[in-house]
Amino acid sequence: MPLRFHNTRTQKLELFTPKTEGEVRLYLCGLTTYDHAHAGHARTNTTFDVLVRHLRNRGLKVSYVRNVTDVDDKILKRATELGEEPLALSARMAELCDGELAAIGCAKPDHEPRVSTHIPEIVALIETLIEKGSAYVAETANGKDVYFHVRSFADYGKLSKRKIDDLQAGARVETGEIKKDPLDFALWKGSSEAWGWDSPWGKGRPGWHIECSAMAHKILGAHFDIHGGGMDLIFPHHENEIAQSEAAWGPEFANVWMHGGFLDVDGEKMSKSLGNFVTIAQVLDRNDAEGFRYFLLGAHYRGPLNFDVDFTRDETGEVRKGADGHAERTWFPGVDEGERRTDYLYTAIVSAEAFAEGASPAIGAKVSKAFPALAALAKSGAEDVAVALDDDLNTPKALAVVGEIAKGMNELITKAQKQFKKEPEGIAEAKALAAALSIALRGAVAPLGLLQASPEDYFARTKVRRLALRKLEAATIDGKIEARLAARAAKDFAQSDLIRDELAALSVELQDGPTGTTWRILV
RNA sequence: GGUGGGGUAGCCAAGCGGUUAGGCAUCGGUUUGCAAAACCGACAUACGUGGGUUCAAAUCCCAUCCUCACCUCCA
């Protein structure tokens with residue numbers, strides 16, 4: 001199955017062919033680090049994390065770059081408010097965000113270049129652009145700025161399908177007349193403030209877009225395979241990157257442009273300016289990281305994904321306000337569902353491995369005849385997921401296959417016992433098939449970055465978190481279970497059921513089995 | 001005004017010319033002291049609206065409505 005990806009540039013699904021056979025060079029626009037990473041960042045980064053895992057799974061060598069924009073006016077503003085050195089703040093936040101992305105299973109990129117350590121490369125690129133007549137220096141009250149002259153680049157607008165004249169009509173009126181054209185954007189901003197670097201144009205800071213061109217060029221070369229980011233970066237950020245890079249080194253800067261859709265809250269884009277953002281840390285306070293990831297992969301990366309937020313309410317149904325006067329938003333129904341599905345997958349693995357009793361994976365003749373669909377799944381399950389991902393990262397389809405494998409394992413366990421009641425060989429084959437399905441599931445899930453823990457660790461960590469969320473103690477629950485066991489032994493089922501209902505009201509679910517009673521806390 | 005995303009059964013969400021992906025919820029069944037988990041079945045011949053092309057359209061074409069976003073910083 002050939003790899004096909006949607007290219008924003010051509011607005012088409014295209015066969016993907018790396019520039020160098022067997023190797024993929026990928027650049028993802030990372031974060032501007034002045035605050036926690038939010039759930040929208042989580043979505044984009046998870047998308048590209050799956051892309052990288054899948055490409056590697058397909059045997060391709062991937063060079064994955066995700067930059068850190070640690071020089072920016074927003075950083076300066078926040079640092080000033082906090083009374084912190086700007087670079088100290090951005091370094092601190094970069095580390096924090098890195099940890100938050102790692103926590104949701106986004107593997108560390110091969111390179112995480114920072115603007116602050118690439119000023120010479122940026123200055124060199126700006127000098128090249130000035131030499132080529134694509135950029136010009138302008139005097140301002142704060143020193144000298146350098147602007148990219150948009151009209152010098154014939155292809156300007158080729159990514160975002162915008163025409164300079166259309167943009168001009170809607171462009172805001174700039175204060176002062178330092179730019180030749182209202183759409184020209186800053187490559188270098190002269191500054192008399194403390195924060196800045198020396199340059200041929202005096203002290204100042206790089207403008208927004210230029211760092212990505214300079215750093216991508218340094219690490220991946222002038223032309224590479226895939227450039228990604230959120231849809232909101234198409235214009236102006238990526239359009240400007242193309243202009244700078246291709247003006248300096250010629251086309252194509254990146255062969256394929258991939259953009260992820262937004263994470264919405266109540267149908268509106270999650271963004272800092274709307275104040276409707278939820279940080280990754282807030283999600284992880286309530287939900288398991290893999291459940292969150294399952295939720296994020298539940299919709300195709302290019303479409304919108306609604307992140308439902310339920311408010312915490314008091315007895316009268318009023319939304320509870322936190323100390324800061326803002327509504328408490330602590331309940332994420334979509335993520336809860338993702339976590340329940342994650343429970344289901346881990347539970348299926350535990351059941352299958354217990355049933356298999358260490359049998360070597362195999363697909364026997366008897367079991368193939370009795371359960372042809374399951375035998376087929378064991379053979380092709382992992383590849384079915386990979387094929388879904390080949391097709392422009394169809395993660396919902398991939399999750400459907402994953403679910404079918406897990407369901408298949410449960411089906412096998414419930415049906416094989418009956419089917420092979422008097423056939424020990426059949427049972428033995430069923431055990432081997434359960435082992436094979438379990439391996440298929442592991443393989444299927446690998447490129448998605450799910451089920452990365454052992455079931456024991458997963459259930460242990462979710463139990464701890466769910467107990468804390470419900471303000472419950474394991475010992476209290478165990479005590480009630482013992483009381484219930486005593487009641488059951490005495491055949492006092494009314495009392496036994498009373499205790500069970502009491503626990504159920506606390507979201508504690510009991511499971512009576514042949515070896516005793518176990519419990520778990522529901523999401 | 002320009003550009004782009006989305007409108008699929010109660011809900012979420014794939015599919016994008018021809019055997020109703022998948023999940024959640026709900027309701028029945030198997031199992032159970034009763035439950036839960038798990039499995040089986042029903043819900044489901046659904047695709048914003050109006051036209052058209054085709055043997056055949058959720059899928060293509062035309063028109064139109066709703067919605068979100070970008071055109072200033074945003075993943």
Pairing donors with acceptors under 3.5 angstrom, does anything connect the side chains of [X] and [Y]?
{"X": "A:D390", "Y": "A:H54", "result": "yes"}
{"X": "A:N142", "Y": "A:S191", "result": "no"}
{"X": "A:Y64", "Y": "A:D49", "result": "no"}
{"X": "A:S380", "Y": "A:D384", "result": "yes"}

Ion pair check, A:K397 and A:D391, cut-off under 4.0 Å
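Result for this pair is no, no salt bridge flagged.
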
Ion pair A:K480/A:E502, N-O distance below 4.0 Å:
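So A:K480 pairs with A:E502 through a salt bridge.
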
Among [options], the nucleotide that comes nearest once only the side chain of [X] is considered:
{"X": "A:F262", "options": "B:rG4, B:rA75, B:rA13", "value": "B:rA75"}
{"X": "A:E404", "options": "B:rC70, B:rA75, B:rA21", "value": "B:rA21"}
{"X": "A:K269", "options": "B:rA69, B:rG2, B:rG33", "value": "B:rA69"}

Between [M] and [N], how far apart are the [atom1] atoms? Round to whole Å, please.
{"N": "B:rG5", "M": "B:rG15", "atom1": "P", "answer": "14 Å"}
{"N": "B:rC40", "M": "B:rA25", "atom1": "P", "answer": "15 Å"}
{"N": "B:rU31", "M": "B:rA38", "atom1": "C1'", "answer": "9 Å"}
{"N": "B:rU19", "M": "B:rG6", "atom1": "C1'", "answer": "29 Å"}
{"N": "B:rA21", "M": "B:rA9", "atom1": "C1'", "answer": "14 Å"}

Go through the steps for A:F292 and A:F332 under the test ring pair (Phe, Tyr, Trp, His ring centres under 6.0 Å), then give the verdict.
CA-CA 10 Å; A:F292 182 38; A:F332 314 119; 8.3 Å; no

Minimum side-chain heavy-atom gap A:Q244-A:F153 below 4.5 Å:
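Counting from C-beta outward, A:Q244 and A:F153 never come under 4.5 Å.
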
Have a look at A:P304 and say if it touches a base, only the backbone sugar-phosphate, or nothing, with a 4.0 Å heavy-atom cut-off.
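Contact class for A:P304: sugar-phosphate only.
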
Using a heavy-atom cut-off of 4.0 Å across all strands, would you classify A:I234 as base, sugar-phosphate, or nothing?
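Nothing, no heavy atom under 4.0 Å.
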
Classify the side chain of A:D232 and the base of B:rC73 as holding, or not holding, a donor-acceptor pair under 3.5 Å.
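No.
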
Donor-acceptor pair under 3.5 Å: do we get one between A:R341's side chain and the base of B:rC24?
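Absent.
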
List in chain and number order the residues that pass ring pair (Phe, Tyr, Trp, His ring centres under 6.0 Å) with A:H259, two or more places apart in sequence or in another chain; answer none if no residue qualifies.
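Ring pair (Phe, Tyr, Trp, His ring centres under 6.0 Å) check on A:H259 returns A:H238.
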
Map A:G513 and A:A299 onto RNA chain B by nearest heavy atom, then report which one ends up closer to the 5' terminus.
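That would be A:A299.
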
Tell me which of A:S160 and A:Y301 sits closer to the 5' end of RNA chain B, going by the nucleotide each one is nearest to.
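Counting from the 5' end, the first nearest nucleotide belongs to A:S160.
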
Hey, can you tell me if A:Y27 and A:H227 have their rings parallel, tilted or perpendicular (30° and 60° cut-offs)?
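The arrangement is tilted - the two ring planes meet at 30° to 60°.
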
For nucleotides 15-17 of chain B, list the nitrogen or oxygen atoms of the protein found under 3.5 Å from its nitrogen or oxygen atoms, one pair per line.
{"unit_1": "B:rG15", "atom_1": "OP1", "unit_2": "A:N394", "atom_2": "ND2", "d": "3.1"}

Do nucleotides 37-44 of chain B as a string where each nucleotide becomes B, S or -: B if the base has a protein heavy atom under 4.0 Å, S if just the sugar-phosphate does, - if no protein is that close.
SSSS----

Under 3.5 Å on both distances, the Watson-Crick or G-U partner of B:rC27:
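Across all strands, the one nucleotide that pairs with B:rC27 is B:rG41.
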
Write down the distance between CD1 (A:I499) and C1' (B:rG33), rounded to a whole number of angstrom.
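Checked: the CD1 to C1' distance equals 15 Å.
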
Quick test of the criterion, 5.5 Å between centres and less than 30° between planes. Is A:F493 stacked on B:rG33 or not?
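Per 5.5 Å and 30° rule: yes, stacked.
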
